[in-house]
There are 2 protein chains.
Amino acid sequence: MTGPPRRGRRPGAPDTRAAILAAARARFAEHGFASTSVRSIAADAGVDPALVHHYFGTKDDLFVAALELPVDPRERLAGVIAEGPDGAGERMLRVFLSVWDDPDLRLPLLGLARSVLDPSGQRLLRDGFVPAVLHPVGVALGIDRPEVRMPLVASQVIGLILTRYLLEVEPIASMPADDVVAVYGPTIQRYLTGPLPSA
Amino acid sequence: MTGPPRRGRRPGAPDTRAAILAAARARFAEHGFASTSVRSIAADAGVDPALVHHYFGTKDDLFVAALELPVDPRERLAGVIAEGPDGAGERMLRVFLSVWDDPDLRLPLLGLARSVLDPSGQRLLRDGFVPAVLHPVGVALGIDRPEVRMPLVASQVIGLILTRYLLEVEPIASMPADDVVAVYGPTIQRYLTGPLPSA
DNA sequence: ACCACAATTCATCGCATGGTGAAAAACGCG
DNA sequence: CGCGTTTTTCACCATGCGATGAATTGTGGT
């Protein structure tokens, strides 16, 4: 594969890059995009701010580099679809919880979620997550009026994520995943297959 | 009542104050606290930035002045309590919707909600709204384990408010209030009086 | 007309931010 | 060693921010 002599990555100390990425992830996760300064990230990484800009470009570039998700969330939802609409609410919920409890995904997701209220994140959620991730699941499940039902699902999932992981409202934040599924599962299920007004 | 000669408010043009307040409300509602600059507010009001600081003090002072709610939200919830737990979910929902549809409250509430993810707003919601507004309602309703049930209610209400008024996810954003109540009422009701895990 | 006081503007200060380009230090290889 | 590349730092720039205090304008009361 490596045609030419492959001379990249010579010296033995480019883990600084990783340090910067880690610091960026932590900062973005805790304070969101707008309230995070490149300088603070550099300080956390013990590095000159210019170096940050040297490795990753602008602050936006750093943001997407730091918050890039290792896996496509849609893959994880495949299992939900396979078994049809019965119990799909509970299964979806388990997928979301397992994703958020994955240590590799936690910080990137927090970073994205923290920035959900400024314009870019707003569009990402409204024009990206709901129509590109959630809606297809509804279609694949074969439920009626997915364009109505999936936003309803989103409204509860967003509320849950927000209270559990961002605001850390007790006792939701420290509730075992099984209890969360037991409480919210029926809600999601009702939004998926229950009655709708003016149908 | 006015003991001394009452010499206040001499000239006939202090509606500039009101203009500043209106501009502040609009800006805060659209961009939140952090992303709003005093200068932009002054520009909107057609006024020098220093004047803003002259009337209202610091930016934080302006924020609380602009977002002061004309009424105590708890008053509006009184009617919900009176009739007991039956149908309380639907009644609570109607109260929240009527509050958010009140033109006088809309901008202040949006301003508060937009700032819900930075530390101050986070505390306001987690340590203020839930324990000081929602929890007492649960206690007054006489339901069991209100410290668990009311946060559940909060998680759905927050998700609904967010998708309907902040993110404006369709079709939730343009759904008639009656339909909203029909969809979410049973959910809230189940959180109030339905089964709980490990009880 | 004059004066006191409120309303408003001007000119700045100090600070933090994102970004840039050139210089310097560290390092591997021949 | 000494060269070339990479890594890292230094010294800046332009901008936008919140805030301050002095000056200016406007207005009403007497």
Side-chain angles (χ1 to χ4, degrees), chain A residues 2 4-28 30-67 111 114-115 118-121, chain B residues 2 4-25 27-28 30-67 111 114-115 118-120:
Chain A
T2 66
R6 191 65 154 87
R7 51 161 192 167
R9 189 60 41 77
R10 291 290 197 45
D15 43 4
T16 321
R17 251 188 87 102
I20 295 176
L21 262 184
R25 265 190 274 264
R27 282 275 168 183
F28 285 138
E30 184 133 9
H31 307 291
F33 177 78
S35 303
T36 295
S37 73
V38 175
R39 289 169 141 89
S40 71
I41 294 174
D44 285 1
V47 144
D48 189 282
L51 191 60
V52 176
H53 184 263
H54 170 72
Y55 279 131
F56 317 87
T58 131
K59 186 185 173 185
D60 301 70
D61 296 340
L62 175 59
F63 189 70
V64 317
L67 273 51
R114 283 253 183 242
S115 308
D118 43 39
S120 61
Chain B
T2 68
R6 192 63 155 83
R7 52 170 190 159
R9 190 60 41 76
R10 292 289 198 45
D15 44 3
T16 320
R17 250 189 87 104
I20 295 176
L21 264 184
R25 266 191 273 265
R27 282 275 169 184
F28 285 138
E30 184 134 7
H31 307 292
F33 178 78
S35 302
T36 294
S37 73
V38 174
R39 289 168 141 91
S40 71
I41 293 175
D44 285 2
V47 144
D48 189 281
L51 192 60
V52 175
H53 183 265
H54 170 72
Y55 280 132
F56 318 88
T58 132
K59 187 184 173 186
D60 300 72
D61 296 341
L62 175 59
F63 189 69
V64 318
L67 273 52
R114 284 254 183 240
S115 307
D118 44 37
S120 61

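Worth knowing before you read on, the calculation uses all heavy atoms, side chains too, and leaves out hydrogens, waters and symmetry mates. Below, chains carry the letters A, B, ... as their sequence lines are ordered, and counting in each starts from 1. Given the structure is predicted, the values throughout are model-derived calculations rather than measurements.
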Asks: With a 4.0 Å cutoff (strictly under), does any side-chain N or O of B:His53 reach OP1 or OP2 of D:dT20?
Replies: yes
Asks: If the sugar-phosphate is the primed atoms plus P, OP1 and OP2 and the base is the rest, what is the B/S/- string for nucleotides 10-18 of chain D, using protein heavy atoms under 4.0 Å?
Replies: B------BB
Asks: Of the nucleotides C:dT8, D:dT8, C:dT20, which one has an atom closest to the side chain of A:Thr16?
Replies: D:dT8
Asks: Restricting to pairs with a member in residues 41-61 of chain B, which pass salt bridge (Lys or Arg N to Asp or Glu O under 4.0 Å), not counting sequence neighbours?
Replies: B:Arg27-B:Asp44
Asks: Got a sec, which residues hit side-chain hydrogen bond (donor to acceptor under 3.5 Å, both in side chains) with B:Ser40, two or more places apart in sequence or on another chain?
Replies: B:Ser37
Asks: How close or far is atom P of D:dA19 from atom CZ of B:Phe56, stated in whole angstroms?
Replies: 14 Å
Asks: Given atom NE2 of B:His54 and atom C1' of C:dT9, what is their separation to the nearest angstrom?
Replies: 12 Å
Asks: CZ of B:Arg17 versus P of C:dT8: gap in Å, rounded?
Replies: 11 Å
Asks: Test B:Ile41 against B:Val47 for side-chain contact (heavy atoms from CB on, under 4.5 Å), laying out the working first.
Replies: CA-CA 9 Å; B:Ile41 293 175; B:Val47 144; over 6 Å; no
Asks: Under the side-chain contact (heavy atoms from CB on, under 4.5 Å) rule, what do B:Tyr55 and B:Leu21 come out as? Steps first, then yes or no, please.
Replies: CA-CA 10 Å; B:Tyr55 280 132; B:Leu21 264 184; over 6 Å; no
Asks: Listed by chain and number, what are the ring pair (Phe, Tyr, Trp, His ring centres under 6.0 Å) partners of B:Phe56, not counting sequence neighbours?
Replies: none
Asks: Send over the distance from A:Asp61 CG to C:dG19 P, rounded to a whole Å.
Replies: 8 Å
Asks: Tell me whether the side-chain N/O atoms of B:Tyr55 come closer than 4.0 Å to OP1 or OP2 in C:dA6.
Replies: no
Asks: Below 30° counts as parallel, above 60° as perpendicular, anything between as tilted: where do the rings of A:Phe63 and A:Phe33 land?
Replies: perpendicular
